[in-house]
Amino acid sequence: MAKNYIVVGGSSGIGYEITRQLTQKGHNVTVLSRSNGELGSLSNVSHIEYDVTSNEGPKLDLETVDGFAYCPGTINLKPFHGLKSDDFQDDFEVNVKGAVKTLQSVVKTMKKTEGSSIVFFSTVAVSQGMPFHASVAASKGALEGITRSLAAELAPKVRVNCIALSVTDTPLASRILSSDEKKKSSGERHALNRVGSAEEVARLATFLLSDDSSWMTGQIIGLDGGMSAVRPL
Ligand SMILES: NC(=O)c1ccc[n+]([C@@H]2O[C@H](COP(=O)([O-])OP(=O)(O)OC[C@H]3O[C@@H](n4cnc5c(N)ncnc54)[C@H](OP(=O)(O)O)[C@@H]3O)[C@@H](O)[C@H]2O)c1
């Protein structure tokens, strides 16, 4: 049966790929993002123009919401001494407050929809100390806290999980992966010897959004080519 999903940040990168995979399975997706991106090529998608840093939450009028994925994020890497209060503020706006605002606009509907599921995205830099990641790790660490807290608060009606990524080849990572050389050296930091793809990440996200993961909640799942657990020789 066709389900109704919301993908915040579904116009590019991982969110686009989640949207594509969900619509390919016959589901309907409402995408919230500032631009339409590549969405024109997909059917069963409605796009709502929305900036997650705006003061107001989005106006969503859906009768059922089976799943919600929040994909906007930041890679703001700077030495600690150069980080300004605004850096922390900006990262928090996009990674945390945007997630809260958008989810609050649909959470009541999700509680009424049997077996609904929420997916957030974090970074391996929360569990592994990495230089220059203080601001983004602080924001994503907060999002991991929200994941566990909401998983408790919304159980048993709504499941909440979070995928903690290492470098994935998307527009967000384009500066880190701007040449074949950079891509190769980034890949070599992982036991699986390469960076991830949006398609691989979306496969896990759509699993978490589906009933196939019906006994999973409150989890921070590492999807990172081994980065969080395996040290290459
Ligand atoms: N790629 C990586 O290496 C990596 C690593 C660790 C964690 N992650 C996390 O994975 C998630 C997905 O990342 P990605 O690589 O797919 O990012 P991406 O390629 O930059 O895509 C982000 C999506 O969010 C939307 N977005 C960004 N800012 C927005 C705003 N202010 N208001 C509304 N929509 C906004 C963008 O659309 P518009 O521009 O049209 O608004 C786009 O659809 C993020 O949470 C990121 O932090 C990624």
Side-chain angles (χ1 to χ4, degrees), residues 6-21 29-40 42 45 47-58 60 68-77 89-103 105 118-128 130 132-133 135-144 146-147 161-178 182-183 186-187 189-190 194-205 208 220-225 227-228:
I6 293 177
V7 178
V8 186
S11 61
S12 80
I14 292 161
Y16 171 80
E17 190 53 32
I18 293 171
T19 303
R20 195 190 67 76
Q21 291 184 15
V29 182
T30 303
V31 168
L32 275 65
S33 57
R34 293 165 301 183
S35 73
N36 201 28
E38 307 159 59
L39 291 171
L42 302 179
V45 175
H47 178 248
I48 297 175
E49 194 179 318
Y50 178 72
D51 187 332
V52 300
T53 64
S54 55
N55 290 329
E56 297 284 306
L60 291 168
F68 172 99
Y70 185 83
C71 305
T74 52
I75 302 185
N76 176 22
L77 309 183
Q89 180 69 30
D90 293 349
D91 281 346
F92 204 78
E93 283 288 337
V94 175
N95 291 292
V96 182
K97 284 175 76 178
V100 170
K101 239 178 291 176
T102 48
L103 182 57
S105 67
I118 295 165
V119 174
F120 293 127
F121 289 95
S122 180
T123 163
V124 65
V126 172
S127 64
Q128 304 292 301
M130 293 184 182
F132 315 130
H133 283 69
S135 179
V136 68
S139 286
K140 293 296 197 184
L143 193 58
E144 292 190 7
I146 288 174
T147 301
N161 293 289
C162 179
I163 301 173
L165 296 174
S166 186
V167 186
T168 305
D169 194 355
T170 69
L172 183 67
S174 58
R175 275 178 61 194
I176 303 174
L177 305 175
S178 59
K182 283 187 180 176
K183 215 178 255 188
S186 247
R189 294 169 56 228
H190 301 78
R194 62 175 176 84
V195 300
S197 72
E199 195 195 339
E200 288 169 309
V201 177
R203 280 204 297 264
L204 176 57
L208 293 172
I220 313 297
I221 302 130
L223 185 60
D224 56 20
M227 176 73 86
S228 59

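Counting convention: from 1, in listed order, for ligands and their atoms alike. Just so it is clear, the structure is predicted and the values come from calculations on it, not from any experiment.
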Q. Any side-chain heavy-atom pair from L143 and S122 closer than 4.5 angstrom?
A. no

Q: Give the numbers and elements of all ligand 1 atoms closer than 4.0 Å to a heavy atom of T170.
A: 1 (N), 14 (P), 15 (O), 16 (O), 19 (O)

Q) Pick from T102, V31, L60: which one makes a side-chain contact (heavy atoms from CB on, under 4.5 Å) with Y50? A) T102

Q) Side chain, backbone, both or neither: which part of S166 comes within less than 4.0 Å of ligand 1 when only heavy atoms are counted? A) backbone

Q) Hey, does V94 sit under 4.0 Å from ligand 1 if you only count heavy atoms? A) no

Q | Sub-4.0 Å atoms of ligand 1 with respect to non-hydrogen atoms of F121 | A | 9 (C), 10 (O), 11 (C), 45 (O)

Q: For atom CD of E199, decide whether the heavy atoms of other residues, nucleotides or ligands shown that lie under 6.0 angstrom number more than 12.
A: yes

Q. Is any side-chain heavy atom of S197 less than 4.5 Å from a side-chain heavy atom of D169?
A. no

Q.
Using heavy-atom distances only, which candidate in G13, S12, S11 approaches atom 21 (O) of ligand 1 most closely?
A. S12

(Q) Is any side-chain heavy atom of T74 closer than 4.5 Å to one of S139? (A) no

Q: Run the numbers for me: atoms of ligand 1, each under 4.0 Å from some heavy atom of G10, listed by number.
A: 43 (O)

Q) What atoms of ligand 1 come closer than 4.0 angstrom to any heavy atom of V167? A) 3 (O)

Q) What protein heavy atom sits nearest atom 7 (C) of ligand 1, and how far away is it? A) S122 O, 3.3 Å

(Q) Using a 4.0 Å cut-off to any heavy atom of Y50, which atoms of ligand 1 qualify? (A) 32 (N), 33 (C)

